[in-house]
Amino acid sequence: MAIHFYNTLTRARELFEPLEPGKIRMYTCGPTVYNFPHIGNFRAFLFEDLLRRHLKYRGYTVTQVMNLTDIDDKIIRMCRETGESLQSLTGRYKAAFFEDLDTLGGERAEHYPAATDHIPEIVTLIKTLRQKGHTYDADGSVYFRLNTFPGYGKLSHFDIDQLKTGASGRVADDEYATEDARDFALWKAYVEDDGEIFWETELGKGRPGWHIECSSMSMKYLGESFDIHCGGIDNMFPHHENEIAQSEAATGRPFVKYWLHSAHLFVDGRKMAKSLGNFYTLRDLLEKGHDPVAIRWVLIATHYRQPNNFTFDALEAATQSVRRIKDFRLRLKAITGTGSGLDQEIAACEKTFGDSLDDDLNISGALAAVFDFVRDVNRLVDRNEVGIDGARGATALLDRLHAVTGVFPSGETDQAPQAILDLVLERQRARREKNFSRADEIRDILAQDGWVVEDTPDGPRVKRN
RNA sequence: GGCGGCAUGGCCAAACGGUAAGGCAUAGGUUUGCAAAACCUUGAUUCUCGGUUCGAUUCCGAGUGCCGCCUCCA
């Protein structure tokens with residue numbers, strides 16, 4: 001089955017055909033590095049991670065760019081309030097972002113350009129826009145003149161004349177210099193409150209607007225036209241709309257072929273908000289002792305265009321699911337005899353898995369295929385019908401699917417230390433001598449150290465609790 | 001005021017006109033020294049009301065509820 005994606009631009013499910021055969025260039029809106037990312041941020045980043053992994057699984061060469069926004073109003077305000085330098089502040093949160101990304105098993109993108117490292121490129125792009133008559137200056141700032149770009153609104157499907165200015169109650173005072181309130185800043189003139197944060201450029205003393213960084217950096221690393229652009233649904237307007245305007249006005253070419261937007265994460269059915277007390281960073285969940293793989297599971301297990309309702313019950317269910325897969329892999333590992341090679345089961349699982357993800361990243365179908373496989377194989381193992389070839393094949397399959405989803409780890413790292421293994425041996429001796437009270441006592445001791453011992457026909461199995 | 005999304009068994013969640021996947025939890029069973037794991041069995045007519053259709057969770061309309069965007073929030 002060919003890959004299909006739902007394209008926000010057309011509001012339709014479309015056959016996916018990259019601009020260049022075999023190669024995919026994608027841009028994914030990254031974090032603003034002024035805080036620890038919350039799990040809602042990671043819902044979007046992990047959707048993008050799943051996307052890139054699946055495309056690679058399908059044999060494409062993927063070039064992904066994720067920007068790091070390290071200059072904006074909030075960052076400046078924080079620097080002003082704390083006295084910390086911009087570089088120091090954003091450096092800390094960049095590091096935190098990568099640390100959290102690693103914890104969640106996110107693959108690294110090919111490029112992580114930061115806005116402040118691309119001031120020259122930004123200035124060049126603004127100059128091009130100015131040269132083509134798409135800008136005007138006001139009070140030292142440079143604005144994009146919206147009515148010079150006829151296609152404005154084609155992504156968000158907003159009728160530009162019906163936008164209710166200031167409906168969000170967030171229009172800043174310094175926006176009033178625009179001729180039309182809907183025009184947006186490309187370059188913002190320096191103001192007193194900016195302190196030490198400014199760049200002296202041909203455009204004057206100031207700093208870049210928000211949207212322009214994504215246009216200039218995406219085009220620098222991916223070219224004037226590229227395949228996929230992702231982001232949270234909230235970025236569709238105005239951010240992505242403005243990116244299209246800037247980019248296409250500058251180049252005269254189509255900017256992006258497929259726009260993919262992820263829906264929000266809710267917590268207990270409500271929008272995540274600090275005021276509601278349901279706001280979580282990854283670190284909050286880790287402190288509560290939750291498994292990063294289970295967290296990843298919960299964040300990707302809902303289709304990316306559906307609102308994902310995060311609950312601790314769901315996280316617990318995901319934890320159990322991860323455990324089930326790990327147990328299954330341990331069980332495969334213990335198989336030594338001859339028997340079925342599982343060729344049919346493996347092929348069926350992988351086909352359904354791949355077909356599901358090809359269908360606009362239907363993760364639920366993909367996970368269901370794996371669970372069906374686990375159940376089918378477990379049944380065969382119960383009947384002693386699976387041989388070592390089958391076990392190896394099944395393990396290899398899970399390795400392949402883990403490379404795509406990141407939620408089927410082997411649990412190999414849970415290797416018990418010698419002291420624990422000694423206790424297990426002692427317990428075996430006790431059991432052989434029918435000294436079950438001693439055996440149960442040892443099991444309790446192991447449990448206290450966080451290890452579970454299970455008796456199987458092939459001997460005891462130790463695993464992390 | 002404009003635009004848009006969502007509503008499926010206790011919880012999470014698929015299905016894009018053909019008669020409701022999967023996971024977790026629950027209950028019963030097989031197995032086990034006891035457990036654990038595994039396996040088997042167990043449960044929904046899909047928010048409400050209309051309409052289109054031989055047939056609707058799926059399409060259309062109205063309503064109810066929750067949510068998002070409308071200039072810098074993934």
Side-chain angles (χ1 to χ4, degrees), chain A residues 11 13 28-32 37-48 69 72-74 153 156-168 170-172 175 178 181-185 188 209-211 230-239 241-242 261-266 269-272 297-298 301-303 305-321 323-324 327-328 330-331 352 356 359-360 362-372 374-375 378-383 431 434-437 439-440 443 452-457 461 463:
Chain A
R11 304 288 156 103
R13 191 170 159 283
T28 48
C29 278
T32 302
H38 55 69
I39 55 175
N41 297 126
F42 276 112
R43 198 245 166 140
F45 300 148
L46 291 181
F47 139 63
E48 290 151 1
T69 299
D72 85 333
D73 291 353
K74 283 185 294 270
S156 57
H157 292 209
F158 279 148
D159 180 347
I160 185 172
D161 293 324
Q162 302 214 340
L163 293 180
K164 190 172 177 179
T165 307
S168 65
R170 283 183 290 141
V171 181
E175 298 283 355
T178 56
R182 296 164 305 196
D183 292 340
F184 57 91
K188 298 178 133 183
W210 175 39
H211 317 294
C230 303
I233 187 73
D234 50 316
N235 273 157
M236 183 174 73
F237 187 91
H239 184 53
E241 198 70 61
N242 290 352
H261 289 99
S262 56
H264 277 268
L265 179 83
F266 295 103
R270 313 238 61 182
K271 185 187 179 180
M272 187 164 60
W297 187 300
V298 162
T302 300
H303 183 86
R305 283 192 287 111
Q306 299 296 322
N308 180 340
N309 187 26
F310 176 90
T311 64
F312 282 95
D313 283 348
L315 182 54
E316 185 52 38
T319 304
Q320 291 306 324
S321 297
R323 188 167 298 168
R324 179 167 163 82
D327 281 348
F328 177 64
L330 281 174
R331 200 174 189 206
T352 305
S356 297
D359 182 12
D360 197 28
N362 182 349
I363 185 69
S364 299
L367 292 177
V370 173
F371 280 115
D372 285 342
V374 170
R375 183 176 15 79
N378 264 326
R379 191 159 36 205
L380 292 171
V381 176
D382 278 353
R383 297 202 299 244
R431 290 184 70 218
K434 306 276 186 216
N435 184 356
F436 296 121
S437 62
D440 291 347
R443 188 159 60 196
V452 176
V453 59
E454 298 174 346
D455 300 317
T456 77
R461 185 167 81 191
K463 63 178 189 182

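Throughout, protein chains are lettered first and strands after them, A, B, ... in sequence-line order, and every chain is numbered starting at 1. Values below: every heavy atom of this structure, side chains too, minus hydrogens, waters and symmetry copies.
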Using the side-chain heavy atoms of [X], tell me which of these nucleotides is nearest: [options].
X        : options             : value
A:Asp440 : B:U71, B:C34, B:C6  : B:C34
A:Leu265 : B:C70, B:G5, B:A74  : B:A74
A:Pro307 : B:A36, B:C6, B:A74  : B:C6
A:His38  : B:C39, B:C69, B:A74 : B:A74
A:Arg43  : B:A14, B:C16, B:A74 : B:A74
A:Asn235 : B:A15, B:A74, B:A13 : B:A74
A:Asp382 : B:A13, B:A74, B:C39 : B:C39
A:Arg431 : B:A37, B:C34, B:A74 : B:C34
A:Asp234 : B:A74, B:A36, B:A13 : B:A74
A:Asp72  : B:U71, B:A14, B:C73 : B:C73

Which residues pass the ring-ring contact (aromatic ring centres under 6.0 Å, His included) test with A:Phe266, sequence neighbours left out?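 None.
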Does [X] put a side-chain nitrogen or oxygen below 4.0 Å from OP1 or OP2 of [N]?
X        : N     : result
A:Thr456 : B:A37 : no
A:Arg331 : B:A37 : no
A:Lys74  : B:C73 : yes
A:Asn41  : B:C73 : no
A:Asn309 : B:C12 : yes

For B:U52 and B:G1, measure between their C1' atoms and round to the nearest Å. 33 Å
Suppose we screen for salt bridge (charged side-chain N to carboxylate O under 4.0 Å, His left out). Which residues come up paired with A:Asp327, at least two apart in sequence or across chains? A:Lys463
Just checking, any donor-acceptor pair under 3.5 angstrom between side chains of A:Asn309 and A:Thr311? no
Reading nucleotides 20-25 of chain B from the 5' end, what letters show protein touch, with B for base, S for backbone sugar-phosphate only, - for no heavy atom under 4.0 Å? -BSSSS
Could A:Arg13 and A:Asp359 be called an ion pair, given the rule that one side-chain N must be under 4.0 Å from one carboxylate O?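 Salt bridge between A:Arg13 and A:Asp359, a charged N being under 4.0 Å from a carboxylate O: yes.
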